[in-house]
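All remarks here apply to the structure that follows.
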There are 2 protein chains.
Amino acid sequence: MTTADGTAGSGGGGTLDVFARRPKRADARRNYEKLLAAAREAFAEAGVSASLEDIARRAGVGIGTLYRHFPTRQDLFESVYVDEVEALCRAADELAGLPPWDALAGWLRRFVTYTATKRAIAEALNHDSSVFATCRKAINTAGEPLLRRAQDSGAARPEASFDDVLRLVGGVTMYPFADPVQLERVLTMALDGIRVRPAAG
Amino acid sequence: MTTADGTAGSGGGGTLDVFARRPKRADARRNYEKLLAAAREAFAEAGVSASLEDIARRAGVGIGTLYRHFPTRQDLFESVYVDEVEALCRAADELAGLPPWDALAGWLRRFVTYTATKRAIAEALNHDSSVFATCRKAINTAGEPLLRRAQDSGAARPEASFDDVLRLVGGVTMYPFADPVQLERVLTMALDGIRVRPAAG
DNA sequence: CACCATACGGAGGGTCGCCTCCGTTTGCAA
DNA sequence: TTGCAAACGGAGGCGACCCTCCGTATGGTG
């Protein structure tokens with residue numbers, strides 16, 4: 001899965017194919033990337049409602065150019081989002097070799113940095129566009145096996161659904177942490193909440 | 001503490017005194033309350049950037065009236081927020097009679113419904129106005145003893161700070177839950193993350 | 001009942017972001 | 001080098017929201 005580099009090909013089921021859209025001409029391609037970077041930045045700072053004109057400005061590009069590449073705000077938004085999701089899915093593959101709990105925990109840590117920087121973008125998980133649905137599915141496909149494996153091995157609570165876990169862990173970084181040590185502490189608590197509780201005694 | 005009803009009096013340290021501002025004339029008072037209710041609703045739905053004109057409309061009141069009562073957006077915002085915080089503080093007092101862990105858990109559950117409905121309002125925890133600082137302090141004063149008690153009794157992790165706990169639990173409801181059963185499940189995990197882990201074996 | 005301080009409403013001027021449209025520029029293929 | 005399809009940029013019209021200002025309405029008191 002996870003269409004990682006330019007070598008296209010829609011792997012298994014619902015791959016994301018961000019590359020379908022990428023323009024051909026050199027300058028256009030350049031601007032496309034600049035816009036994407038600017039947007040990522042702007043969304044992270046100002047939230048979903050970042051000004052499109054500001055994004056164009058950051059990218060050093062006319063507003064018209066922005067609209068040519070991304071006809072709607074949603075388009076731009078989705079492109080940024082899809083990039084993130086792909087990276088996240090790739091991470092799942094890379095962690096697959098670790099012991100069950102470590103793989104899950106590692107991936108969730110990665111998930112946290114994903115939501116941490118892109119807090120704004122996560123707001124869109126509610127919205128209902130087909131792209132978001134696809135991304136959601138991609139995340140599930142990538143992460144759920146990790147949870148299941150951890151559950152089967154007896155490390156993770158059997159009653160926890162994948163969605164439960166994402167909500168618990170994702171919520172942690174809803175507000176930015178000034179202190180990375182604190183983030184670590186809170187994250188540990190969250191992960192412990194997912195683990196099976198040894199019988200008290 | 002907790003200036004609960006109209007009987008004023010700034011209790012201990014930094015009480016909140018929402019009542020200082022409440023207008024005198026009957027119609028004014030009525031509109032004030034209507035605006036507050038409308039704002040609570042609007043902020044919960046549309047986030048911090050809800051339109052003031054919309055709030056006035058919801059309240060069935062002219063925009064001028066809104067501005068007379070709440071000269072700045074921040075004023076309105078703070079008033080809603082303060083109301084919430086007061087209720088939350090009151091809850092802490094009411095739970096004080098329970099066993100240590102139950103009191104903490106109960107209060108945190110209350111805290112969750114508070115952040116759940118008022119998600120938007122919580123965004124402001126970052127902002128730095130004196131009112132928000134005071135509220136933050138009030139929440140601490142109300143909730144921290146519950147945590148400490150739970151820790152002293154050996155039920156809660158000793159290394160968890162009060163802020164850690166709020167972030168963990170508050171984050172849970174960052175995104176609305178369609179299914180209350182799921183909320184309960186996730187919340188349980190979060191609370192378990194705060195509890196001391198019995199030694200594995 | 002009469003008076004007036006208090007409160008109401010909403011028109012309107014200003015700002016800002018959205019998006020379209022079109023004259024100009026530029027990559028690139030022949 | 002030349003030509004044209006592709007891409008660029010930004011002026012400008014539009015709508016949403018902000019906030020002020022002032023003529024009108026009204027509660028409450030004497």
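All chains are named by letter (A, B, ...) in the order of the sequence lines, taking the proteins before the strands, and each is independently numbered beginning at 1.
- Rounded to a whole Å, the CG atom of B:Leu52 is 20 Å from the P atom of C:dG14.
- What separates CD of B:Glu53 from C1' of D:dG15 is a distance of 12 Å, to the nearest Å.
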Exercise for the section: Could you walk me through whether B:Arg73 and B:Glu78 pass side chain to side chain contact (heavy atoms under 4.5 Å, CB included), step by step? Expected result: CA-CA 9 Å; B:Arg73 167 187 226 80; B:Glu78 288 178 355; over 6 Å; no
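- Surrounding CZ of A:Arg148 are at most 12 heavy atoms belonging to other residues, nucleotides or ligands under 6.0 Å away.
- If you take CG of A:Leu76 and P of C:dC18, they are 11 Å apart, rounded to a whole angstrom.
- Aromatic pair B:Tyr32/B:Phe70: centroids less than 6.0 angstrom apart.
- If you measure from atom CZ of A:Arg68 to atom P of C:dG27, you get 14 Å, rounded to the nearest angstrom.
- Projected onto DNA chain C by closest heavy-atom contact, B:Val61 and A:Thr72 fall at different nucleotides, the more 5' of which corresponds to B:Val61.
- Taking the six-membered ring where the residue is Trp, the centroids of A:Phe43 and A:Tyr81 are separated by 6.0 Å or more.
- For the pair A:Gln74 CD and C:dC18 C1', the computed distance is 15 Å after rounding to whole Å.
- For the pair B:His69 and C:dA7, the criterion of a side-chain N or O lying under 4.0 Å from OP1 or OP2 is not met.
- A:Tyr32 has its OH atom 17 Å from the P atom of D:dG9, to the nearest Å.
- In terms of position along DNA chain D, the nucleotide closest to A:Gly64 lies nearer the 5' end than the nucleotide closest to the other residue of the pair B:Asp54 and A:Gly64.
- The separation between B:Leu66 atom CG and D:dC17 atom P is 14 Å, rounded to whole Å.
- Residue whose closest nucleotide on DNA chain C sits further toward the 5' end, between B:Asn31 and A:Arg30: B:Asn31.
- A:Phe70 places its CZ atom 14 Å from the P atom of C:dC19, with the value rounded to the nearest Å.
- Here CG of A:Leu168 is found 12.0 Å from CZ of B:Arg185. Values are rounded to the nearest 0.5 Å.
- Taking the side chain of B:Ala28 as heavy atoms from C-beta on, and the options C:dA7, D:dC8, C:dC18, the nearest nucleotide is C:dA7.
- Distances were taken from every side-chain heavy atom of B:Tyr67 (C-beta onward) to each of C:dC18, C:dG9, D:dT20; the shortest belongs to D:dT20.
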Check: protein-nucleotides 28-30 of chain D nitrogen or oxygen pairs below 3.5 Å:
unit_1, atom_1, unit_2, atom_2, d
D:dG28, OP1, B:Ala26, N, 3.0

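- Remark: B:Thr65 is in phosphate contact with C:dG9, judged by side-chain N or O atoms under 4.0 Å from OP1 or OP2.
- The pair A:Glu184-A:Arg109 meets the salt-bridge criterion, since a charged nitrogen lies less than 4.0 angstrom from a carboxylate oxygen.
- Not one N or O on the side chain of B:Arg157 forms a donor-acceptor pair closer than 3.5 Å with the backbone of B:Val196.
- Nucleic acid contact class of A:Ile63 (heavy atoms, under 4.0 Å, all strands): base.
- Phosphate contact (OP1/OP2 of D:dC18, side-chain N/O of B:Ser51, threshold under 4.0 Å): present.
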